There are 4 protein chains.
Amino acid sequence: MDATEATDATKRQRRGNTRQRIQDVALELFAEQGYEKTSLREIAERLGVTKAALYYHFKTKEDILVGLFQDLQRPIDELIEWANTQPRTLDTKREILLRYSEALTDAAPLFRFMQENQATVRELSVGETFKDRMIRMIDTIKEPDAALPDQVRCISALFTMHAGMFLLRDVEGDPEDKRKAVLEVAIDLVTQAHGGSRQP
Amino acid sequence: MDATEATDATKRQRRGNTRQRIQDVALELFAEQGYEKTSLREIAERLGVTKAALYYHFKTKEDILVGLFQDLQRPIDELIEWANTQPRTLDTKREILLRYSEALTDAAPLFRFMQENQATVRELSVGETFKDRMIRMIDTIKEPDAALPDQVRCISALFTMHAGMFLLRDVEGDPEDKRKAVLEVAIDLVTQAHGGSRQP
Amino acid sequence: MDATEATDATKRQRRGNTRQRIQDVALELFAEQGYEKTSLREIAERLGVTKAALYYHFKTKEDILVGLFQDLQRPIDELIEWANTQPRTLDTKREILLRYSEALTDAAPLFRFMQENQATVRELSVGETFKDRMIRMIDTIKEPDAALPDQVRCISALFTMHAGMFLLRDVEGDPEDKRKAVLEVAIDLVTQAHGGSRQP
Amino acid sequence: MDATEATDATKRQRRGNTRQRIQDVALELFAEQGYEKTSLREIAERLGVTKAALYYHFKTKEDILVGLFQDLQRPIDELIEWANTQPRTLDTKREILLRYSEALTDAAPLFRFMQENQATVRELSVGETFKDRMIRMIDTIKEPDAALPDQVRCISALFTMHAGMFLLRDVEGDPEDKRKAVLEVAIDLVTQAHGGSRQP
DNA sequence: AATGAATGAGGCTTCATTCAT
DNA sequence: AATGAATGAAGCCTCATTCAT
């Protein structure tokens, strides 16, 4: 009976948050091995449930991914919304990048996943959504009439931030320092792009 | 008889270059759909041969990818070698980026593939090889004692070039202009990094 | 409704014993055609299930064989254990052979399989296990200091029992008589081996 | 040119005996891994030729096995023929076993193969041939009116000889001693069978 | 006497998914 | 809220064999 109670306790802990736990494990594995290479069996095994249990919480494998997205794209949507209410000054842009950097840090595994599984994501329903969001993000930091190189700078700034955390993994140094360095470069790029469209 | 000759001509064309044709089709599909999602059946069908024929030319699916790599990394190896014989001046770095841009243009589909399938490639034998090459490339344009932000600039420069072609697909403009714009930004980043390590 | 009941009955019969049924069919086919020549498709078809169903119950093809073994080697393990608690008299040995003969009759198809697929089994994980068991069996009927010919006699006795059932298939006669004849020869061999080590 | 000559020399050595070399390698591999598990690719590779070359010398894979047999069954056919011209005395039987033991030693790998691949061989054309030969061999040492146990003794004698070499691999001792021990047991068995049919 | 290129059949295995319980 | 059992499709790969050269 003690044994039963112990089991019950464990189950109680799990009760109600299985959906969350599935997402956590899925993201972990998707980011680590890629979406295609991660099987539902693997996810289920690591959770100690059956594959069929996953289907109680999600309609398809892709649905798990969609779920992950919906949770994590809200901060970015809010950031874009906020940005669109601000004047398009350099200071605003700096603030956008700063906030974006923070949002990215929170959702790092998901962005790592997006970065490293573009080919897969492109074919998924979630792909368009993500691309849209990127374009709208770029629009908040890019001058509407910017010359090509300045457009590249803005895109590169965002891209550098996305990739930054993973690219620097082999470089020595404190993670927080790295984040700041990445942010500095991104701000630099955007600053140049901002000035560039004024002077010609 | 004409028909026969046509068939003969076709066969003659095919003979001896099937290996090459496999690689061409494979790269096309890998870049388009990703490595995992591309099946050998698909490659074979598009070529009008059997799956087994692929296995005459390549030992495994992964081997096709390795083959693609070996053909296309030589230009980069040569570039790195050349770079290491030059003085590490800003002019040299500009030349490196210029040459790299050209090499990239030639091998665009492969780099698109690497960019979009990092999660997959990471687990493949070819992953390490690629990473090594990137590190050595970065070493040719980075000052040994560069501060973190300048390191980020160099990495970002390379990365921007890799991604440039695809990121700008939605932007209007002549491809050649885009390439130049990307190169300009990359040179800019490296120039800043070069100066950065001199003045402090 | 009868039809429905019949179907239900069939399903009830199947439920819970599919694993057993797989093993039964597999053993039958393995013994008949050999392990390599028996495909999972064949097993599945004869059972009226899909190949994938086999994989729900067994991890690999080899695993089916391992399963067969585990079920059928227990009687022999028990026999060895019992033998090791007895004094090593001739009477004990006679009893060992008698019991072994019975165990063999029960597991005849499996032993036929082992006998006829040695080359295959040797490379399988189950091979070593089987060999070990044989060695331990021989140790129960062999005197520790037996001369070479007496060792041969003991090995031959066991081997004759293994092979007996199949070798005599072309000989006329009642199966029970044959079994007794085989047992008689085996006892004879072991008796000679027993005496052999006492008299010199 | 020197290099060419060296190659020529090697080829000259090989010329004309490729058929033999194929058989040698095939037997080696068949005995080691079994017939089914040995692929023509493996044989060809170990020989340094193409699979297609094998088909120049043999019509099918099975044909290689048949070829091996034809070369090696002649001694046994001769032995049987000789035995049938002798009086069926105990001395004759002893001589038969002695000669058989020698024939076996010469063709050891082939007999090991037969022993360990019975399931496979049974379905091959060569199977019947082999079984026939065994029956005729047994007829040379068995009294026509022998009781069941004496028949078992004769079969066991032959079987013990076949298996002897491999079964004793784990037993310490000189190979020649082992062969003699096996022969001694076989003669013993046949002697008992010979006497057995006289006394009742 | 042997090769290069290819085929068709089939092998084992894994996957996402379903459904009655 | 979850399981046990199963499916159909598809995956990668290997095999024996063929045939023009």
Side-chain angles (χ1 to χ4, degrees), chain A residues 11 14-19 22 36-44 47-64, chain B residues 8 11 14-19 36-44 47-64, chain C residues 8 11 14-19 36-44 47-64, chain D residues 11 14-19 22 36-44 47-64:
Chain A
K11 279 195 180 161
R14 287 185 181 172
R15 194 170 291 155
N17 63 345
T18 300
R19 198 189 143 91
I22 291 172
E36 319 264 11
K37 287 250 290 242
T38 302
S39 68
L40 295 185
R41 180 179 52 69
E42 229 173 332
I43 297 174
L47 275 166
V49 297
T50 359
K51 268 183 294 172
L54 305 184
Y55 279 88
Y56 179 81
H57 295 281
F58 297 92
K59 234 173 46 199
T60 68
K61 185 185 180 187
E62 188 174 341
D63 223 45
I64 299 180
Chain B
D8 277 11
K11 279 197 178 159
R14 284 189 180 172
R15 191 166 304 143
N17 65 343
T18 301
R19 198 190 145 91
E36 319 263 2
K37 288 253 289 240
T38 302
S39 69
L40 295 185
R41 180 181 52 71
E42 230 173 331
I43 298 175
L47 276 167
V49 296
T50 18
K51 269 179 294 168
L54 306 185
Y55 280 91
Y56 179 77
H57 294 282
F58 297 92
K59 244 176 29 208
T60 66
K61 184 185 180 186
E62 187 173 342
D63 217 45
I64 299 180
Chain C
D8 277 13
K11 278 196 180 160
R14 284 190 180 170
R15 192 168 300 142
N17 65 347
T18 302
R19 197 190 144 91
E36 320 264 1
K37 288 254 289 241
T38 302
S39 68
L40 295 185
R41 180 182 52 70
E42 230 174 331
I43 298 175
L47 275 167
V49 295
T50 19
K51 268 179 293 165
L54 306 185
Y55 278 90
Y56 178 78
H57 295 282
F58 297 92
K59 245 177 27 210
T60 66
K61 185 185 180 187
E62 186 173 344
D63 217 45
I64 299 180
Chain D
K11 279 195 180 161
R14 286 183 180 173
R15 194 172 291 156
N17 64 344
T18 301
R19 197 188 144 90
I22 291 172
E36 318 265 10
K37 286 252 289 242
T38 302
S39 67
L40 295 185
R41 179 179 54 68
E42 230 173 330
I43 298 175
L47 275 166
V49 295
T50 1
K51 268 184 294 172
L54 305 184
Y55 279 89
Y56 180 82
H57 294 283
F58 297 92
K59 231 172 48 201
T60 68
K61 185 185 179 187
E62 189 173 340
D63 222 45
I64 299 180

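Residue numbering restarts at 1 for every chain, and letters A, B, ... go by the order of the sequence lines. Being a predicted model, the structure only gives us computed values, none of them experimental.
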Rounded distance (Å) that lies between atom C1' of E:dA6 and atom CG of B:Asn17:
14 Å

Could you tell me the Watson-Crick or G-U partner of F:dA1, where both distances fall under 3.5 Å? Say none if there is no partner.
none

Can you tell me how far CG of C:Leu54 sits from CG of C:Leu47, rounded to the nearest 0.5 angstrom?
7.0 Å

How long is the gap from CG on D:Asn17 to CD1 on D:Ile22, to the nearest 0.5 Å?
10.0 Å

With a 4.0 Å limit, can you tell me whether C:Thr18 has a side-chain N or O closer than that to the phosphate oxygens OP1/OP2 of F:dA5?
no

Please tabulate, one pair per line, each protein N/O and nucleotide N/O from nucleotides 14-18 of chain F that are separated by under 3.5 Å, including the distance.
| unit_1 | atom_1 | unit_2 | atom_2 | d |
| --- | --- | --- | --- | --- |
| F:dC15 | OP2 | D:Arg41 | NE | 3.1 |
| F:dC15 | OP2 | D:Arg41 | NH2 | 3.1 |
| F:dA16 | OP1 | D:Lys61 | NZ | 2.8 |
| F:dA16 | OP2 | D:Leu40 | N | 2.9 |
| F:dT17 | OP2 | D:Tyr55 | OH | 2.8 |
| F:dT17 | OP2 | D:Lys61 | N | 2.9 |
| F:dT17 | O5' | D:Tyr55 | OH | 3.1 |
| F:dT17 | O4 | D:Lys51 | NZ | 3.3 |

Would you mind reading off the distance between D:Tyr56 atom OH and F:dA20 atom P, rounded to a whole angstrom?
17 Å

B:Lys37 versus B:Glu42, closest heavy-atom pair with distance:
O-OE1, 3.7 Å

When rounded to whole Å, the CG to C1' distance for the pair B:Asp63 and F:dC13 reads 13 Å

Nucleotide E:dA6, atom C1' - distance to CG of B:Leu47 in whole Å:
13 Å

Value for CD1 (A:Ile64) from CG (A:Leu40), rounded to nearest 0.5 Å, stands at 5.5 Å

Main chain of C:Thr38, side chain of C:Lys61: is a donor-acceptor contact present, judged purely on distance under 3.5 Å?
yes

Using purine N1 to pyrimidine N3 plus N6-O4 or O6-N4 for Watson-Crick, or N1-O2 and O6-N3 for G-U wobble, both under 3.5 Å, which nucleotide pairs with E:dG10?
F:dC13

Length of the line joining B:Phe58:CZ and E:dA5:P, which is rounded to integer Å
12 Å

Taking the side chain from D:Thr50 and the backbone from D:Ala52, do they hold a donor-acceptor pair closer than 3.5 Å?
no

Would you indicate, yes or no, if F:dA6 has its OP1 or OP2 atom less than 4.0 angstrom from a side-chain nitrogen or oxygen of C:His57?
yes

